[in-house]
Amino acid sequence: MTGKKLQEELTWKFPNAAKEKPEEFPLAEKFCEGYKRFLDRGKTERECVDTAVELLTAAGYREIDFAGTYRPGDKVYRVIRGKSILITTFGRRPVKEGVRINGAHIDSPRLDLKPNPLYEKEEMAFFKTHYYGGLRKYQWATVPLAMHGVIVRRDGQKVKLSLGENPGDPVFCVTDLLPHLSAEQNERKLKDGIRGEELNIVVGSIPYADDEIREPVKLKALELLHERYGITERDFMRAEIEFVPAHKASDVGFDRSMIGAYGQDDRVCAYAALMAEIECAEPAYTTITLLTDKEEIGSQGNTGMDSNYLYDYIGYLAAMEGACARDVAANSCCLSADVNVAFDPTFSQVSDPLNSCYVNHGCVLTKYTGSRGKSGANDASAEYMAQVIDIMEKAGVCWQIGEIGAVDVGGGGTIAKFISNLNINVVDLGVPILSMHAPFELSAKMDVYNTYKAFSAFYR
Ligand code: MN
Ligand code: MN
């Protein structure tokens with residue numbers, strides 16, 4: 001045997017999907033047109049749930065009735081407090097034999113308003129913010145921002161806000177210093193380039209025309225808010241308002257091979273999971289497609305994966321056929337559908353090239369997350385890795401492995417560890433992302449498409 005032949009047989013390198021399967025690129029492009037629309041319609045977790053419900057309803061899904069009876073192929077969903085959603089297609093086998101769970105998160109890093117946000121300083125009006133999730137604060141200055149959220153008015157009416165998205169809408173922004181005067185700021189560490197209390201959003205500059213008034217610019221802003229939404233300053237305490245990048249999802253590159261957009265972590269997996277769920281006809285095992293909130297702040301809270309809502313839902317499904325949730329969980333398996341860091345040639349020092357995922361090499365299977373000796377990791381077993389790899393290879397999915405950066409450089413976590421707490425097999429699978437958590441994140445269309453293919457195969 002020649003060395004070359006032996007090398008071919010014994011060594012392994014993940015191929016470039018764009019090179020290996022050029023015929024798949026048009027399919028990926030088509031799939032990503034829907035994905036870009038999903039990104040533009042869902043800039044917050046609530047909007048993602050609303051968009052999902054619209055798509056599900058159009059596909060024949062109905063709200064689940066735990067007192068009802070369902071047949072294989074029946075499709076249902078359950079919304080959790082407007083911010084998370086569980087979606088099911090009933091399978092041919094009893095739930096007792098286990099379900100197939102695919103869980104993505106639909107919250108993304110952003111600037112939340114503080115409960116008392118509005119103030120005036122030197123004849124300009126601003127909103128105070130508290131950032132949500134792990135973001136690099138300096139990236140969020142001088143970026144056009146849109147306002148999204150809800151206010152529960154004192155008359156009980158819930159007002160939905162979305163301003164800065166439509167052509168002609170005003171946008172908002174955080175200011176930064178000019179280079180001419182930033183000598184002192186330049187000496188700060190990058191993480192303090194813009195500090196938390198400097199993430200103040202410009203909202204107005206015209207004073208209310210009355211000389212008797214103190215803070216007339218603030219009053220003018222309040223007058224406009226009252227005209228538009230019927231709210232007063234007290235109502236901010238009854239609100240959840242999020243400022244997010246105002247730009248729309250775009251193709252990136254001469255070859256249009258990539259997508260640049262806000263919130264791709266993790267709406268890219270959420271959309272792929274949703275499409276795989278909708279297209280799944282009569283699966284062997286009952287599905288639970290899970291789009292959850294609060295992953296970016298550690299999954300705490302009653303709309304996050306550290307709460308009981310998934311286990312309770314499994315319990316209700318079990319009870320419908322007289323089974324027990326513990327048995328269902330023990331027989332179930334799950335994909336934690338989340339993104340991983342794509343190898344960035346400009347910042348190659350943070351990655352181990354042998355164990356990184358690469359743009360255009362397909363979806364990324366991440367055995368473990370965590371940091372510093374796998375602390376806080378869900379470390380998937382060899383048996384479960386083998387099961388998931390077999391599913392992908394049989395379905396002709398382009399996939400690769402990845403880890404969250406080189407050892408001891410940093411790290412991160414996903415919802416996987418909360419699912420494994422329920423005694424369910426789980427591993428991370430998702431899309432490689434460049435500039436993760438930035439206002440403009442980058443993904444490759446071939447990777448998005450192959451992630452969707454992997455999710456579909458998992459349900460089949
Ligand atoms: Mn994520
Ligand atoms: Mn994230």
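All residue numbers in this chain count up from 1 along the given sequence. Just follow the structure's listing: the first ligand is 1, and inside any ligand the first atom is 1.
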Asker: Is the distance between the ring centroids of Y313 and Y77 under 6.0 Å?
Answerer: no
Asker: Charged N to carboxylate O below 4.0 Å: is that the case for K445 and E24?
Answerer: no
Asker: Taking 2.8 Å as the cut-off, does an N/O/S atom of E296 lie below it from the Mn ion (ligand 2)?
Answerer: yes
Asker: If you round to 10 degrees, what value do you get for the angle at the Mn ion (ligand 1) between D265 atom OD1 and H105 atom NE2?
Answerer: 90°
Asker: Taking just the N, O or S atoms of D338, which one is nearest to the Mn ion (ligand 1)?
Answerer: OD1
Asker: Name whichever N, O or S atom of H437 ends up nearest to the Mn ion (ligand 2).
Answerer: NE2
Asker: Can E282 and R460 be counted as an ion pair, charged N to O under 4.0 angstrom?
Answerer: no
Asker: Would you mind checking if R110 and E242 are paired as a salt bridge, meaning a charged N to carboxylate O distance below 4.0 Å?
Answerer: yes
Asker: Taking NZ, NE, NH1 and NH2 as the nitrogens, is one of them in E403 or K367 under 4.0 Å from a carboxylate oxygen of the other?
Answerer: no
Asker: From the Mn ion (ligand 1) out to just under 2.8 Å, does an N/O/S atom of E295 turn up?
Answerer: no
